[in-house]
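Here the structure is laid out as structure tokens; the discussion comes afterwards.
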There are 2 protein chains.
Amino acid sequence: MKLSTKGRYGLRAMIDLAINAKDSQISIKNISERQNISENYLEQIIAILKKNGFVKSCRGAQGGYSLNVETVNISVGDILRALEGDLNPVDCITVNDEVQCSESELCVTKYVWKRISDSINDVVDNITLEDLVQEQERIDACNPSK
Amino acid sequence: MKLSTKGRYGLRAMIDLAINAKDSQISIKNISERQNISENYLEQIIAILKKNGFVKSCRGAQGGYSLNVETVNISVGDILRALEGDLNPVDCITVNDEVQCSESELCVTKYVWKRISDSINDVVDNITLEDLVQEQERIDACNPSK
DNA sequence: TTTAATTCCTACTAAAAGAGTAGGATTTAT
DNA sequence: ATAAATCCTACTCTTTTAGTAGGAATTAAA
């Protein structure tokens, strides 16, 4: 029941981009140094974010990445689901569609999984990237060392 | 961000015990046939439940397992945490104790993880085994085939 | 008192997922 | 031209997951 580093690193990368690529662009190297994440690995994570339309890139020297969305228009849920897949605790709950599990008609645990799933999604869909950026900037203001 | 089979099978085993070992005891074989879970594997899962004091056993022929707690006094959260470990989405949040992560002072994502964690635990702590048993018996009543 | 049914215990294993490494191709500002 | 960057994809090492296997100990019933 853990998030992988993809989700964790990816969210940090998005916050980093929001703060440090406000009206320019920043390189992978740049982010990876600040966030202590391997360059190569971060590259793969940002590729996913780009594929989802959350960041844009410029190639070549002095190139880099910046956000492709407004921070108020993207939620933590959008970011985590892009990186982790759905946030359901088990695969047998699909809300509108068919359910995979053959026992589903008779299986009562699915109600538990559904409620967990709903509560997780409710939390992450109600935190925007902007919320985190503001909180981060508040923290940074008190720690001028970094 | 998935539960393992331990948590899923274990919860089903607890429901099965609550329903089928009301005033007797039932064997692993019995449960495993009903629930379609490998006998050997289920044995290991039930060993964990026993170690946590949720089930008791009688050895020897005609032996078996039964619940060691009242269904109203045990929550889904108790069961899942015993089988899966804590239900936090990342390891860097410990509520009262020290936090592992060295960046925690400066890291804003921990607020997200804390909120997810709280919401998951809130859900599972507010569903008792009794709730699931009642729901299951309601379903079974409409499906006399099984 | 033997036998069969059962829990108990622990070691092993195959497959998948997680977390990167590695390195070359392409693009572009200087 | 060159250096700095993204882009792309294959490989690898480690850990976790989901079991399998099999023998020892216990006990009700024949």
Side-chain angles (χ1 to χ4, degrees), chain A residues 1-13 17 20-21 24-68 80 83-86 89-92, chain B residues 1-13 17 20-21 24-68 80 83-86 89-92:
Chain A
M1 202 55 183
K2 297 281 179 236
L3 286 171
S4 72
T5 51
K6 266 190 192 143
R8 295 189 282 121
Y9 292 176
L11 182 56
R12 278 163 57 197
L17 281 164
N20 297 298
S24 60
Q25 56 207 352
I26 55 177
S27 68
I28 292 272
K29 198 177 175 191
N30 214 302
I31 304 173
S32 83
E33 277 167 2
R34 237 188 328 264
Q35 299 293 330
N36 248 300
I37 301 170
S38 136
E39 268 183 66
N40 284 300
Y41 192 39
L42 185 56
E43 204 176 290
Q44 292 171 41
I45 292 168
I46 291 194
I48 299 171
L49 295 170
K50 190 186 172 193
K51 202 184 61 193
N52 280 269
F54 301 159
V55 308
K56 61 190 170 199
S57 65
C58 288
R59 305 184 67 174
Q62 314 313 312
Y65 296 91
S66 57
L67 286 188
N68 195 33
L80 291 182
L83 293 161
E84 297 278 335
D86 70 75
V90 309
D91 281 329
C92 78
Chain B
M1 203 55 184
K2 296 282 180 238
L3 287 170
S4 73
T5 51
K6 267 192 190 138
R8 294 190 283 118
Y9 292 176
L11 182 56
R12 279 163 56 197
L17 281 163
N20 297 298
S24 61
Q25 56 206 350
I26 54 176
S27 68
I28 291 272
K29 196 176 177 193
N30 214 302
I31 304 173
S32 83
E33 277 168 0
R34 235 187 330 265
Q35 299 293 332
N36 248 301
I37 301 170
S38 137
E39 267 183 69
N40 284 300
Y41 192 38
L42 185 56
E43 205 176 289
Q44 293 172 41
I45 292 168
I46 290 194
I48 299 170
L49 295 171
K50 191 188 170 191
K51 201 184 61 194
N52 280 270
F54 302 158
V55 307
K56 61 188 170 200
S57 65
C58 289
R59 305 183 67 175
Q62 315 314 311
Y65 296 91
S66 57
L67 286 188
N68 195 33
L80 291 182
L83 294 161
E84 297 277 336
D86 69 75
V90 309
D91 281 328
C92 77

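Since the structure is predicted, the reported quantities are computational estimates derived from the model, not experimental observations. A, B, ... follow the sequence lines: proteins, then strands. Residue 1 opens every chain.
- Residues D86(B) and K2(A) meet the side-chain proximity criterion, which asks for heavy atoms closer than 4.5 Å.
- The interatomic distance linking Q25(B) (CD) with dA28(D) (C1') rounds to 11 Å, in whole Å.
- Per the geometry, CG belonging to D91(B) stands 15 Å off P belonging to dG18(C), to the nearest Å.
- Closest approach of S66(B) to S24(B), counting heavy atoms only: CB-O, 3.6 Å.
- Projected onto DNA chain C by closest heavy-atom contact, L3(A) and Y65(B) fall at different nucleotides, the more 5' of which corresponds to Y65(B).
- Rounded to whole Å, the distance from CG on L83(B) to C1' on dT17(D) is 14 Å.
- Between K29(A) and dT6(D) there is no side-chain polar atom (N or O) within less than 4.0 angstrom of OP1 or OP2.
- Residues L80(A) and M1(B) are not in side-chain contact: their nearest non-hydrogen atoms beyond the backbone lie 4.5 Å or more apart.
- In this entry the distance linking NZ of K2(A) with P of dA19(C) reads 12 Å, nearest Å.
- At whole-Å resolution of the value, CD1 in I26(B) and C1' in dA5(C) are 16 Å apart.
- Counting all heavy atoms, side chain and backbone alike, C58(A) lies closest to Q25(A) at SG-OE1, 3.1 Å.
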| query | How does each nucleotide of nucleotides 20-30 of chain C score, in 5' to 3' order, for protein heavy atoms under 4.0 Å: base (B), sugar-phosphate only (S), or none (-)? | reply | BBBB--BBBS-
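- Considering only side-chain N and O atoms, K50(A) lies under 4.0 angstrom from the phosphate OP1 or OP2 of dC7(D).
- Taking atom CD1 of I28(B) as the reference point, atom P of dT20(D) lies 14 Å away to the nearest angstrom.
- The side-chain heavy atoms of T5(A) and Y41(A), taken from C-beta on, include a pair separated by under 4.5 Å.
- Across the interface with DNA chain D, nearest-nucleotide mapping of S27(A) and K6(B) shows S27(A) to be the residue nearer the 5′ end.
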| field | Residue pair I31(A), I37(A): steps toward the side-chain contact (heavy atoms from CB on, under 4.5 Å) verdict | value | CA-CA 8 Å; I31(A) 304 173; I37(A) 301 170; 5.9 Å; no
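- Atom CG of L42(B) is separated from atom C1' of dT7(C) by 12 Å (rounded to the nearest Å).
- Between the CE atom of M1(A) and the P atom of dT16(D) there is a distance of 18 Å, rounded to whole Å.
- OP1 or OP2 of dC7(D) lies within a sub-4.0 Å distance of a side-chain N or O belonging to S57(A).
- L49(A) places none of its side-chain heavy atoms less than 4.5 Å from the side chain of N68(A).
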